[in-house]
Student: 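Before we start, here is the structure in question, set down as structure tokens.
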2 protein chains.
Amino acid sequence: MSFSYEFERPGLTVDGVIFGLDLDEENLQVVLVERDVEPFEGMWALPGGFVRNGESLEDAAMRELREETGIKDVFLEQLYTFGKPNRDPRGWVVSVAYYALVAPDQHHLLATTDARRAEWFPVNKLPKLAFDHAEILQVALQRLRGKLTYAPIGFELLPDKFSIRQLQTLYEIVLGQKLDNRNFRKKIFSLDVLKELNEIQTGVAHRAARLYKFDERKYKQLTRQGLTFEI
Amino acid sequence: MSFSYEFERPGLTVDGVIFGLDLDEENLQVVLVERDVEPFEGMWALPGGFVRNGESLEDAAMRELREETGIKDVFLEQLYTFGKPNRDPRGWVVSVAYYALVAPDQHHLLATTDARRAEWFPVNKLPKLAFDHAEILQVALQRLRGKLTYAPIGFELLPDKFSIRQLQTLYEIVLGQKLDNRNFRKKIFSLDVLKELNEIQTGVAHRAARLYKFDERKYKQLTRQGLTFEI
DNA sequence: CCTGTTAAGCGTAAAAATAACGCTAAGCTA
DNA sequence: TAGCTTAGCGTTATTTTTACGCTTAACAGG
């Protein structure tokens with residue numbers, strides 16, 4: 001069956017940049033999939049695929065990420081739409097890129113349709129990527145770095161329960177600069193968006209830290225009152 | 001002539017939110033066009049139209065804005081891609097929205113193709129809009145408000161030569177809050193991105209203000225040095 | 001020509017935030 | 001039990017922000 005239109009139409013895809021944090025190795029990682037179809041067969045690429053009629057762009061992005069990597073139910077936000085002519089050898093294809101943030105307990109990958117395998121790669125040790133995916137990834141990285149300072153999206157990269165040191169490590173990794181632990185914790189507590197748990201870390205080699213959760217209700221309430229999140 | 005594809009494909013449009021500032025009336029305005037074709041014939045809408053194969057999304061947006069409003073050579077930035085199912089009565093259509101910022105000397109409108117007429121409307125006095133254009137406009141407004149505080153895009157809404165009072169008025173209008181003129185000017189000068197001209201205002205009823213230009217070279221240089229624009 | 005009005009622009013002081021750093025307590029490891 | 005490392009409470013200096021005063025400049029009106 002085929003579909004005919006009076007005017008030329010583009011293929012429409014979604015591509016996803018999936019970020020995760022490795023707190024042990026202290027690096028930011030991204031999921032890549034190995035393509036098993038042309039073009040760029042055998043090359044690493046961002047997960048993605050064509051949008052279907054009847055689904056929203058966000059549903060399409062979430063579906064493609066789940067199908068190609070097994071990752072689901074994560075933070076997902078639209079990044080930018082890439083539409084340069086000739087960006088895809090197959091013809092006119094426009095891609096709506098998204099980025100996803102994945103907590104450590106959601107890191108498990110299952111490569112399924114359209115991909116031989118899916119793997120985590122440190123963002124500073126990437127192979128050559130298919131299409132314009134290196135460019136898309138750079139845009140996503142810039143977006144993450146920027147938005148981390150004015151929206152509480154970093155919490156999506158941490159476990160539900162985390163320590164202040166882990167939060168600081170996240171910021172140091174993504175922003176690429178050392179932060180003072182005493183000033184960082186004072187700053188974080190001044191934002192008043194954390195809920196202290198009656199728990200401390202286990203299995204650590206030195207003094208165990210207190211654990212916290214991000215209080216989304218409190219954050220929304222403070223936002224309505226005009227207060228801003230700024231780190 | 002028709003085009004056939006193995007799979008269903010969406011129509012792809014660009015829509016533009018064109019912002020301009022009325023310094024006399026002290027309001028932010030947006031350009032709307034009156035549609036002269038179905039659907040929504042006779043209703044006001046954002047300028048826009050279908051993307052053509054072979055042109056980039058940005059070229060398409062700039063072309064549609066020029067064709068429908070006469071506005072050209074302005075600041076243009078991608079906003080968000082709207083792709084909910086059934087957002088367009090004609091069928092599957094996805095829209096890549098842009099926002100444009102127009103200096104006062106570029107405000108002149110000429111309605112040409114696909115639009116009966118184009119007019120400026122204050123953003124707080126809008127008619128009912130076609131499609132999901134009211135939603136698109138709200139997103140653009142939020143984007144402008146946010147980005148104005150961390151990037152020097154506001155200068156695109158001012159004349160090439162402007163006074164500090166005019167810059168402050170811009171911020172007060174868009175952010176919707178009064179600012180202290182003494183602190184505002186101290187803050188602006190501390191950013192060190194303005195070039196003072198050897199000119200003062202003319203045709204004003206009281207003490208004429210000094211005129212300035214935004215120094216884009218200086219700003220880029222400071223950005224490379226890690227300094228940030230923040231108002 | 002003088003007075004009144006309004007805006008531009010230079011300024012001070014207090015409060016708040018940030019940066020830099022010290023030090024003790026806690027707890028694991030050998 | 002001692003040593004080492006980290007968490008976490010703290011102080012101080014510096015910078016930024018906020019609040020506001022006041023003088024100068026210049027036009028309008030009588």
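To find a chain, count down the sequence lines: A is the first, B the second, and so on, and within it residues start at 1. Both backbone and side-chain heavy atoms feed into the values below; hydrogens, waters and symmetry mates do not.
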Student: Atom CG of A:Asp192 to atom C1' of C:dA17: distance rounded to whole Å?
Tutor: 17 Å
Student: In whole angstroms, how far is the P atom of D:dA7 from the CZ atom of A:Phe189?
Tutor: 12 Å
Student: Determine: side-chain N/O of A:Arg210 to OP1/OP2 of D:dC9, distance under 4.0 Å, yes or no.
Tutor: yes
Student: Detail all sub-3.5 Å separations between protein N/O atoms and N/O atoms belonging to nucleotides 10-14 of chain D.
Tutor:
unit_1, atom_1, unit_2, atom_2, d
D:dG10, O6, A:Lys186, NZ, 3.2
D:dT11, O4, A:Lys186, NZ, 3.1

Student: List, with names and distances, any nitrogen or oxygen atoms from the protein found under 3.5 Å away from nitrogen or oxygen atoms belonging to nucleotides 26-30 of chain D.
Tutor:
unit_1, atom_1, unit_2, atom_2, d
D:dC27, O4', B:Ala205, O, 2.9

Student: Would you check if the side chain of A:Glu26 reaches a backbone N or O of A:Ile173 as a donor-acceptor pair within less than 3.5 Å?
Tutor: no
Student: CZ of B:Arg185 versus C1' of C:dA7: gap in Å, rounded?
Tutor: 10 Å
Student: Test your reading of the model: is there a side-chain donor-acceptor pair from B:Gln168 to the backbone of B:Leu179, 3.5 Å cut-off?
Tutor: yes
Student: Rounded to whole angstrom units, what separation is found between the CG atom of A:Asn181 and the P atom of C:dA19?
Tutor: 14 Å
Student: Which is it for A:Ile188 and A:Ile231 under the side-chain contact (heavy atoms from CB on, under 4.5 Å) test, yes or no, and what are the steps along the way?
Tutor: CA-CA 8 Å; A:Ile188 286 300; A:Ile231 292 186; 3.4 Å; yes
Student: Is the backbone N or O of A:Glu230 less than 3.5 Å from a side-chain atom of A:Thr228, with the two atoms forming a donor-acceptor pair by type?
Tutor: no
Student: Counting only N and O atoms by type, is there a donor-acceptor contact under 3.5 Å from the side chain of B:Gln201 to the main-chain atoms of B:Ala209?
Tutor: yes
Student: How long is the line joining CD1 of B:Ile231 and C1' of D:dT18, in whole Å?
Tutor: 16 Å
Student: Quick check on the 6.0 Å ring-centre criterion: do A:Phe75 and A:Phe155 meet it?
Tutor: no
Student: In this structure, how many angstroms lie between the P atom of D:dA7 and the CG atom of A:Leu194, rounded?
Tutor: 16 Å
Student: Would a 4.5 Å heavy-atom cut-off, applied to side chains only, mark A:Val139 and A:Tyr99 as touching?
Tutor: no
Student: Within the distance-only criterion (no hydrogens, no angle test), does the side chain of A:Gln166 pair as donor or acceptor with the backbone N or O of A:Leu23 below 3.5 angstrom?
Tutor: no
Student: A:Lys187 or B:Gln201: which one's nearest nucleotide on DNA chain C is closer to the 5' end?
Tutor: B:Gln201
Student: Calculate the interatomic distance between B:Leu179 atom CG and D:dT17 atom C1'; express it in whole Å.
Tutor: 13 Å
Student: Sub-3.5 Å donor-acceptor pair from the side chain of B:Asp132 to the main-chain atoms of B:Glu135, do we have one?
Tutor: no
Student: Taking OH from B:Tyr212 and P from C:dA8, how many angstroms apart are they, rounded to a whole number?
Tutor: 11 Å
